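The next block holds one structure in the form of structure tokens; read it before the comments.
We number each residue from 1, following the sequence as shown. Since the model is a prediction, treat every value here as computed from it, not as a measurement. Counting starts at 1 for both ligands and their atoms, in listed order.
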Amino acid sequence: MKHLIDILDLSAAEIDELIATAKDIKQNPQAYAHKCEGKKLATLFFEPSTRTRLSFEAAMYELGGHVIGFSDAGNSSSAKGESVSDTVRTVNCYADIIAMRHFKEGAPLVASIKSVIPIINAGDGGHAHPTQTLTDLLTINTEKGRLNSMTIGLCGDLKFGRTVHSLISAMSRYENLHFVLISPKELRMPAYVLEMMEENGMSYEETTSLEDAMPKLDILYMTRIQRERFADADEYLRLKDSYILTPDKLIPAKADLTIMHPLPRVNEISTAIDDDPRAGYFRQALNGKFIRMALILKLLDEAQKNPGRVNAVADGCAVEGLKCQNVRCITTIEQELDHKFKLVDAEKGVYRCIYCEAQA
Ligand code: NCD
């Protein structure tokens with residue numbers, strides 16, 4: 001049974017296929033206008049969103065399907081204390097596919113364990129955002145004509161930025177890439193992502209200077225410093241203006257640089273850059289609709305082909321005396337959810353939570 005919880009749930013060949021379908025949809029939208037007639041997408045958004053939710057909804061409408069859902073957890077029964085599991089089992093009665101965004105890390109994985117219809121992770125806390133990554137891969141492929149052999153700068157909040165975590169995971173499959181990780185020390189890429197890069201032999205450097213990085217970049221992926229993820233408001237105020245991309249900073253940049261941003265932007269890219277042909281972020285937002293159309297088609301098609309399927313299993317085990325300590329983890333709120341872990345380093349006895357991937 002296919003859910004999309006983590007970008008690596010899709011093979012490289014499947015990602016290629018999705019990119020090809022998205023490009024075809026862009027060229028021949030009429031050919032896809034009735035593909036999802038009679039089907040319903042439920043968008044369960046427990047956290048704010050503009051692009052992700054609306055592009056999912058536009059995608060389903062353009063496929064001839066219908067959309068139900070909520071865009072504010074306050075309007076759903078979670079405000080009455082309902083668990084993610086119960087919400088999902090209920091929505092299984094009304095829809096054919098679910099896109100879920102949640103402020104707790106691992107919530108979509110919990111949903112997939114309870115669901116017999118496909119679950120798509122539309123962003124979970126500071127953890128992962130696989131459909132943004134599909135959007136980003138389509139954008140890079142369209143702008144550069146390839147997904148390998150380039151230098152990619154990721155800049156801003158690399159600690160809580162779920163889009164950059166998923167993008168790096170996806171990029172572990174492509175060759176000859178170099179990453180420049182540009183962030184304040186306080187917002188460095190999490191250890192589990194750096195370890196994954198090392199295990200996969202990915203080339204990277206960390207720096208605090210956007211200026212130093214600029215001349216070597218083929219892609220500059222800017223991110224927002226995310227106020228809502230900070231436990232300490234003063235720390236946010238201190239860091240919020242760490243990087244502001246202005247036209248003068250682009251002087252040493254390559255002529256064919258592509259500037260990306262998952263959006264929303266606050267002030268990290270000056271609007272004076274919007275008309276520069278290198279500014280790709282609104283093209284990126286448009287790509288989000290086409291790749292989500294391709295994804296909905298694929299997951300519904302597979303669900304139809306495997307009607308007798310069972311739901312996902314949580315692959316991990318309980319460890320005596322061990323509880324996940326991450327305050328943003330779904331285990332902190334979901335009732336009767338067992339803490340489960342994966343042993344990632346047997347020698348050092350390092351375990352990671354299966355829901356949020358934080359070290360326990
Ligand atoms: C991002 C997200 O929600 O993680 N936005 C998006 O989905 N396009 C980035 C962000 O909120 O800063």
Check ligand 1 against the protein and report each N/O to N/O distance under 3.5 Å, formatted as atom name, atom name, distance.
residue  : atom   : partner : partner atom : Å
ligand 1 : 3 (O)  : R101    : NH1          : 3.4
ligand 1 : 3 (O)  : R101    : NH2          : 3.2
ligand 1 : 3 (O)  : R162    : NH2          : 2.8
ligand 1 : 4 (O)  : R162    : NE           : 2.7
ligand 1 : 4 (O)  : R162    : NH2          : 3.4
ligand 1 : 5 (N)  : L263    : O            : 2.8
ligand 1 : 7 (O)  : T52     : OG1          : 2.9
ligand 1 : 7 (O)  : R101    : NH2          : 3.0
ligand 1 : 7 (O)  : H129    : NE2          : 2.7
ligand 1 : 8 (N)  : Q132    : OE1          : 3.2
ligand 1 : 8 (N)  : P262    : O            : 2.9
ligand 1 : 8 (N)  : L263    : O            : 3.1
ligand 1 : 11 (O) : R224    : NH2          : 2.9
ligand 1 : 12 (O) : R224    : NE           : 2.7
ligand 1 : 12 (O) : R224    : NH2          : 3.2

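When E47, E357, E105 are each tested for a salt bridge (Lys or Arg N to Asp or Glu O under 4.0 Å) with R162, only one passes: E47. Just one of R238, K159, R229 meets the salt bridge (Lys or Arg N to Asp or Glu O under 4.0 Å) condition when paired with E186; it is R238.
Between D301 and K305 there is a salt bridge, since a side-chain N of the basic residue sits under 4.0 Å from a carboxylate O of the acidic one.
Stacking of R101 on the aromatic ring of F45 is not recorded, the 6.0 Å distance cut-off and the 45° axial limit not both being met.
Checked against side chain to side chain contact (heavy atoms under 4.5 Å, CB included), K144 has the following partners two or more places apart in sequence or in another chain: I140, R146, M150, D218, I219, D256, T258.
No close placement of the F179 and Y204 rings is indicated, their centers lying 6.0 Å or farther apart.
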